[in-house]
Amino acid sequence: MFNNLTLTKPEYKNLPVKVLIKNGKIVDPVNGINEIKDIKIIDGVIEEIATKIAVEDDTLVINAEGKYISQGFFDMHVHFRDPGIEQAENIVSGSNAAMAGGFTGVAMMPNTEPCIDNKFLFNDLVSRSKDFLVDCHPIPAITVGRKGEKITEMAELVETGALGFTDDGSGVQSSESSRRALEYSKMFDVPIMVHAQDTSFEPGVMNEGFYSTLLGMAGISNLTEDLMISRDIHIAEYTGGKLHIQHISTKKGVELVRDAKKRGLKVTAEVTPHHFSLTDEKVTTFSTDFKMAPPLRAEDDLKAVLEGLKDGTIDAIATDHAPHTPEKKNVEFDFAPFGVIGLETSFAAGNSNLVKKGILTIESLIEKMAVNPRKILKLDYDLIKVGNKANLTIFDTETEFVVDRFKMKSLSRNTAFNGETLFGKVYHTINNGKIFSAE
Ligand SMILES: [Zn+2]
């Protein structure tokens, strides 16, 4: 059962002392740069950025002609299942999947076994990933055991390095607990990241609408999400707290966030690649690769999400990478767990379904995949400059490929994009003096 786990090794290599990236197009939305330059890296640090840098001896030359170079992508919503469910994913395999997807940083959700709700478990994950290429940030729980009641030791956790808090996997049902959490978030200036789902409704397995009626399946209505987003925006307004809406999926939800932003509230939102690419029509295949929470929604919701990405209502793209073993997923739709993996298809899905369709420019895609997640978590986001550690992703936007669930670094296979033709390939991911290169 644990064979996969013992075989899992980090797949990065140490960078040689001298590296020269030649002729790549730097896309840096932070400084408004979009031009072809060379980047010289010495000992993992950017030494020079210029139009033509001479090749010295003993230098690893990376030919980036026809490719883009951006700051490393950052996924603010991943489940690495570590500790507790390491056969589905663990911090090593999850990081391998992240690097392959172009990510140099991730925020790991706390719904592990046990739940990350104290500094000892937090520090264990930090110390086990300290030598990685990928910066792995655990996001501890809002409430003890994610039970939705008693607030965790937030002051202590912020001091330990927590960038935010979430009970992801469930919504905090108690308004009192949400209020306390948002009050603390104001005090510590960290976001409360919410999985907006009111569970007092009858449970469902897919979006409530035309297709759930057609298939005779129990629906999860937009109301379950809209009510929670609305409540939490009210509480954020009342307390002055910092609210981040995770995996937004409904039309009304997007409208609520747009309105909150207009009124100057500290509210941000993320969307997943599956929610900006697919609708609940996919469930007619009965494949459990289309079962996730929130569920794939209707056409109108998808349109609203695209509009929200375009006008800046939705700040970030986050995968909600949620691995489950085939044993767990290959069951009847009603009984399968919620969730799909996403790290290795996120960039290509964004490039294919947003950039190529004119919804976003490549600059705004990089903003939502790399810059804004770091901004929301108060990490440094002005990364491409001389003297900084090289934290870079090298990719193209034209390579066409068919998504193959068996060609992934993730230990799990539950992708919603299997068999889809997508465009865009990540070639190299560089961070912390290390490099990952695609085959
Ligand atoms: Zn969630």
Side-chain angles (χ1 to χ4, degrees), residues 75-82 84-85 88-89 94 106-113 115-117 137-143 145-148 163-173 177-178 181 191-201 203-207 220-229 231-232 243-250 253-254 257 267-276 278 288-297 301 305 314-324 328-329 336-343 346 373 376-377 412 414-416:
D75 191 343
M76 64 189 299
H77 193 147
V78 303
H79 299 269
F80 280 177
R81 307 299 190 209
D82 194 340
I85 320 152
E89 199 78 288
V106 295
M108 304 181 295
M109 299 298 109
N111 59 336
T112 46
E113 294 173 8
C115 162
I116 311 300
D117 61 4
H137 301 278
I139 303 293
I142 297 169
T143 63
R146 291 175 50 253
K147 292 200 171 82
L163 303 175
F165 294 89
T166 183
D167 269 10
D168 185 49
S170 2
V172 177
Q173 302 303 308
S177 302
S178 289
I192 297 299
M193 302 154 72
V194 300
H195 169 121
Q197 185 179 6
D198 181 334
T199 50
S200 64
F201 290 96
V205 295
M206 68 172 291
N207 181 49
I220 302 168
S221 71
N222 283 23
L223 203 51
T224 59
E225 185 169 337
D226 299 342
L227 283 179
M228 275 306 206
I229 293 178
R231 181 200 73 174
D232 287 345
L243 175 68
H244 176 74
I245 309 294
Q246 298 181 296
H247 43 50
I248 198 164
S249 74
T250 64
V254 175
V257 171
V267 177
T268 52
E270 67 182 39
V271 66
T272 70
H274 45 275
H275 287 112
F276 69 62
L278 309 168
T288 60
D289 291 332
F290 304 114
K291 183 173 179 182
M292 64 287 279
L296 295 176
R297 299 288 188 186
D301 298 301
V305 159
I314 300 175
D315 306 83
I317 292 169
T319 65
D320 192 8
H321 180 82
H324 292 290
K328 286 265 168 62
K329 265 298 206 189
F338 293 97
V340 290
I341 58 174
L343 283 163
S346 181
I376 293 166
L377 297 173
S412 290
N414 50 314
T415 166

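Computed from a predicted model, the values in this text were never measured in an experiment. Both ligands and their constituent atoms are indexed starting at 1 by order of listing.
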Restricting to non-hydrogen atoms, name the atom on [X] and the atom on [Y] that form the minimum distance, rounded to 0.1 Å.
X: H321; Y: G342; answer: ND1-N, 3.0 Å
X: D167; Y: R146; answer: O-NE, 3.2 Å
X: L377; Y: A107; answer: CD1-CB, 4.3 Å

Measuring to the Zn ion (ligand 1), does H247 have an N/O/S atom at a distance below 2.8 Å?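 Yes, H247 qualifies, because one of its backbone or side-chain N, O or S atoms lies under 2.8 Å.
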The Zn ion (ligand 1) has as its nearest N, O or S atom from H195 the atom ND1
Which single N/O/S atom of D168 lies at minimum distance from the Zn ion (ligand 1)?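 Checking each N, O and S atom of D168, the shortest distance to the Zn ion (ligand 1) belongs to OD1.
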Which word best sums up how the rings of H77 and H247 line up, parallel for under 30°, tilted for 30 to 60°, or perpendicular for over 60°? tilted
